[in-house]
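Structure record follows, encoded as structure tokens.
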Amino acid sequence: MTRVLFTTSELYPLVKTGGLADVSASLPAALKASGVDVRILLPGYPAAMPLTQQNPDSAPVALQVGPHAVKLWAAHLPETGVPVWLVDCPPLFDRSGSPYHNPDGQEWWDNAQRFALFARVAVLLASGGAGIHWIPDLVHCNDWQSGLIPVWLADLPGAPATVFTIHNIAYQGLFDHDTFRSLGLPDSLWHWERLEFHDRLSFIKGGLGYSDRITTVSPGYAKEIQTPAFGYGLEGLLGHRRQDLHGILNGIDTTVWNPATDPLIAEPFQSGEWHKKARCRQALLRESGLDDDDAPLIGFIGRLVEQKGIDWLLEVMPGWLGRGCRFVILGSGEQRYEEPLKKLAQDWPGKLSLTLGYDEGLSHRITAGCDAFMMPSRFEPCGLNQLYSLRYGTVPVVHRVGGLADTVLDPGDSTPDQANGFSFSKPGPAGLDEALGRAMATFADKPAWQRLQANGMARDFSWTRSAREYQMLYQSLLPDHVSDRLYPSYGGKRHA
Ligand code: ADP
């Protein structure tokens, strides 16, 4: 049985700021179901520590990591039974706020130290140094917070193979030179072919340079990040490692996101039961204080940040509100987007409902109750909301990038039995406006619209499919990984 240590800084439902949390819950569960011995390593945040109460008799493993006394607690995820180790180090992780920011929204001043310690513990576990009788064949690292793990493992003879997954290349874990020195990293790593990136320490370069394989969360994004428009300065390194870079589309948790059984929506429904979906729509209109009529209802859920194209939304929504459309928006984020959205909602009572904050239940009801769902992201590594929308018969209207391009098939370039949404290529509000125009024209043609809905609901976005691809990747690494693992010097031969 293949043993995999899955290292992550977020885990749904305990700690979530984005899609990484969902993946960290669902992928290990699907791997476990298909026979992989997978265990998760997570920082011991306050929201996670109650898991240690599951088994009051069990004692943690005590470790000394630099100046820090660490307790490593073994627990299980209640829903799926996947084993989890919690890295309990109160001075670094026992804090209120998000995993990365203090309650004022500032990055924790010592994030580098926090995730370097996390990486050290992973390395101890992976190399047998934690005194635990379980050593992985492979360490699956996620995002910059896990970036130093492959760096330190590369130094250890016979260490497990490593896979590094990029969930969003825009977040890189960049720190100054003093921080680099404070982590005790050798001077040789302060080099542009190692961890230095424009005079800063880059955690993510550790993952990209030193792991055996790199994955990202959709085939489209795997191609895009090799280009300057999407690579955030790392396109050269990623292009250099293109043979080792794979795009594996995320799945969704089909038990949580299932319109036929969802307890959070007004009425469960299946494909074809459009009258039941209509009741979800009515309930959503009521809940959101919107006018109840036949005009299209369009949703948006997500972080209110530049990536998500909120400025494009703000430009096109007034026109569509003027034409009778209604919008229901759920999100939180930057003030520069929250303020104009609030203003728009005030200007359009009964037409635009805005909920600022995080609300899992409402996100299900929007997904179930809307006719269409917008995702005009500037870039989107995979995107989950368009997958949820497809599964709930809510037609997505998206920018044709990354995972959105891989999953939303426009009638303009797919067959009638495949088309499931609308997409636009040219970045900017005009593209979104044009795609919304085509969507709204089709909305008026009920049989054509229902065909799009049914096509979307028929697609398999389960984790079983994705987990199979990860397993194949793991298998491909196990016999020969050692000979492959060295930093891919740009001039070198290793990954030529
Ligand atoms: P990202 O990871 O870039 O934020 P994804 O689409 O991959 O985007 O995943 C976002 C996840 O977070 C989805 O599960 C989405 O439904 C959820 N989400 C985002 N904002 C909110 C919110 N305000 N309320 C509820 N769920 C939200």
Side-chain angles (χ1 to χ4, degrees), residues 8-27 98-101 142-145 165-171 216-218 220-221 224-225 230 232 247-259 262 264-265 284 287-288 299-310 313 327-334 337-338 341 353-370 373-392 394 396 398-399 401-408 461 463 466:
T8 181
S9 57
E10 301 185 22
L11 180 59
Y12 176 86
L14 304 170
V15 191
K16 170 166 164 169
T17 73
L20 169 61
D22 297 299
V23 174
S24 301
S26 305
L27 175 58
S98 94
Y100 320 122
H101 299 95
N142 292 280
D143 275 351
W144 72 262
Q145 294 85 355
T165 297
I166 305 163
H167 297 264
N168 190 336
I169 196 86
Y171 299 98
T216 188
V217 291
S218 70
Y221 195 58
E224 287 171 355
I225 56 179
F230 294 93
Y232 279 78
I248 301 179
L249 195 68
N250 281 342
I252 58 176
D253 186 333
T254 48
T255 56
V256 175
W257 291 94
N258 182 356
D262 193 334
L264 298 170
I265 64 177
L284 175 65
E287 174 180 2
S288 311
F300 173 87
I301 302 167
R303 294 177 296 123
L304 303 177
V305 296
E306 189 184 22
Q307 177 195 338
K308 302 293 179 182
I310 312 301
L313 283 186
F327 291 91
V328 48
I329 294 181
L330 167 64
S332 64
E334 296 172 18
Y337 299 124
E338 290 194 355
L341 280 170
S353 155
L354 172 67
T355 306
L356 294 175
Y358 192 92
D359 188 332
E360 199 81 23
L362 181 57
S363 79
H364 282 244
R365 293 190 290 280
I366 291 174
T367 304
C370 282
F373 189 91
M374 302 175 290
M375 277 182 87
S377 308
R378 284 185 164 76
F379 66 93
E380 195 57 77
C382 174
L384 291 172
N385 286 301
Q386 87 279 15
L387 304 180
Y388 301 150
S389 293
L390 287 167
R391 191 153 160 77
Y392 281 66
T394 299
V398 306
H399 187 201
V401 287
L404 298 172
D406 289 333
T407 53
V408 177
F461 291 118
W463 270 106
S466 313

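Start at 1 with the first residue, then count along the sequence. In each ligand, atom 1 is the first atom listed, and ligand 1 is the first ligand listed. Just so it is clear, the structure is predicted and the values come from calculations on it, not from any experiment.
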In ligand 1, which numbered atoms sit nearer than 4.0 Å to a non-hydrogen atom of [X]?
X      : result
Gly383 : 6 (O), 7 (O)
Leu330 : 22 (C), 23 (N), 24 (N), 25 (C)
Ile301 : 21 (C), 27 (C)
Gly331 : 23 (N)

How close does the nearest protein non-hydrogen atom get to [atom], and which residue and atom is it?
atom                    : result
atom 16 (O) of ligand 1 : Asn385 OD1, 2.9 Å
atom 5 (P) of ligand 1  : Leu384 N, 3.8 Å
atom 19 (C) of ligand 1 : Gly302 CA, 3.8 Å
atom 23 (N) of ligand 1 : Gly357 O, 2.7 Å

Counting only N and O atoms by type, is there a donor-acceptor contact under 3.5 Å from the side chain of [X] to the main-chain atoms of [Y]?
X      : Y      : result
Asp143 : His167 : yes
Asp406 : Gly220 : yes
Thr394 : Cys370 : yes
Glu338 : Gly333 : yes

Can you find a side-chain donor-acceptor pair between Glu10 and Ser24 that sits under 3.5 Å?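 No - no donor-acceptor pair under 3.5 Å links their side chains.
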
Give a yes-or-no answer on whether the side chains of Tyr12 and Asp253 include a donor-acceptor pair shorter than 3.5 Å.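 No donor-acceptor contact under 3.5 Å links the two side chains.
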
May I ask whether Cys382 places a heavy atom under 4.0 Å from ligand 1?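 The answer is no: ligand 1 sits nowhere under 4.0 Å from a heavy atom of Cys382.
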
Can you tell whether the side chains of Glu380 and Lys308 come within less than 4.0 Å, N to carboxylate O?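 Counted as a salt bridge, because a side-chain N and a carboxylate O are separated by less than 4.0 Å.
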
Is it the side chain (CB and beyond), the backbone, both or neither of Asp359 that lies under 4.0 Å from ligand 1, heavy atoms counted?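 It is the backbone that gets close, since no side chain atom is under 4.0 Å.
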
Asp22, portion touching ligand 1 at heavy-atom distance under 4.0 Å: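 Near ligand 1, Asp22 shows its side chain, while the N, CA, C and O stay back.
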
Among Arg303, Lys308, Lys16, which one has a heavy atom closest to atom 8 (O) of ligand 1?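 Checking each option, the heavy atom nearest atom 8 (O) of ligand 1 is found in Lys308.
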
Winner among Phe300, Tyr358, Trp257 once heavy atoms are compared against atom 22 (C) of ligand 1: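 Comparing heavy atoms across Phe300, Tyr358, Trp257, the nearest one to atom 22 (C) of ligand 1 lies in Tyr358.
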
Ring-plane angle category for Tyr232 and Phe379, please: parallel below 30°, perpendicular beyond 60°, tilted otherwise.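 Ring orientation, 0 to 90° scale: perpendicular.
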
Classify the ring geometry between Tyr392 and Trp257 as parallel (under 30°), tilted (30 to 60°) or perpendicular (over 60°).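 Taking Trp257 first and then Tyr392, their aromatic rings stand perpendicular (interplane angle over 60°).
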
Ligand 1 to Gly19 polar contact by distance, N or O atoms, under 3.5 Å: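 It does: an N or O of Gly19 is found under 3.5 Å from an N or O of ligand 1.
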
Taking distance alone, with N or O pairs closer than 3.5 Å, would you say Leu20 contacts ligand 1?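 Min N/O separation from ligand 1 is not below 3.5 Å for Leu20.
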
Could you go through the side-chain contact (heavy atoms from CB on, under 4.5 Å) check for Val23 and Trp463 one step at a time? CA-CA 9 Å; Val23 174; Trp463 270 106; 3.8 Å; yes

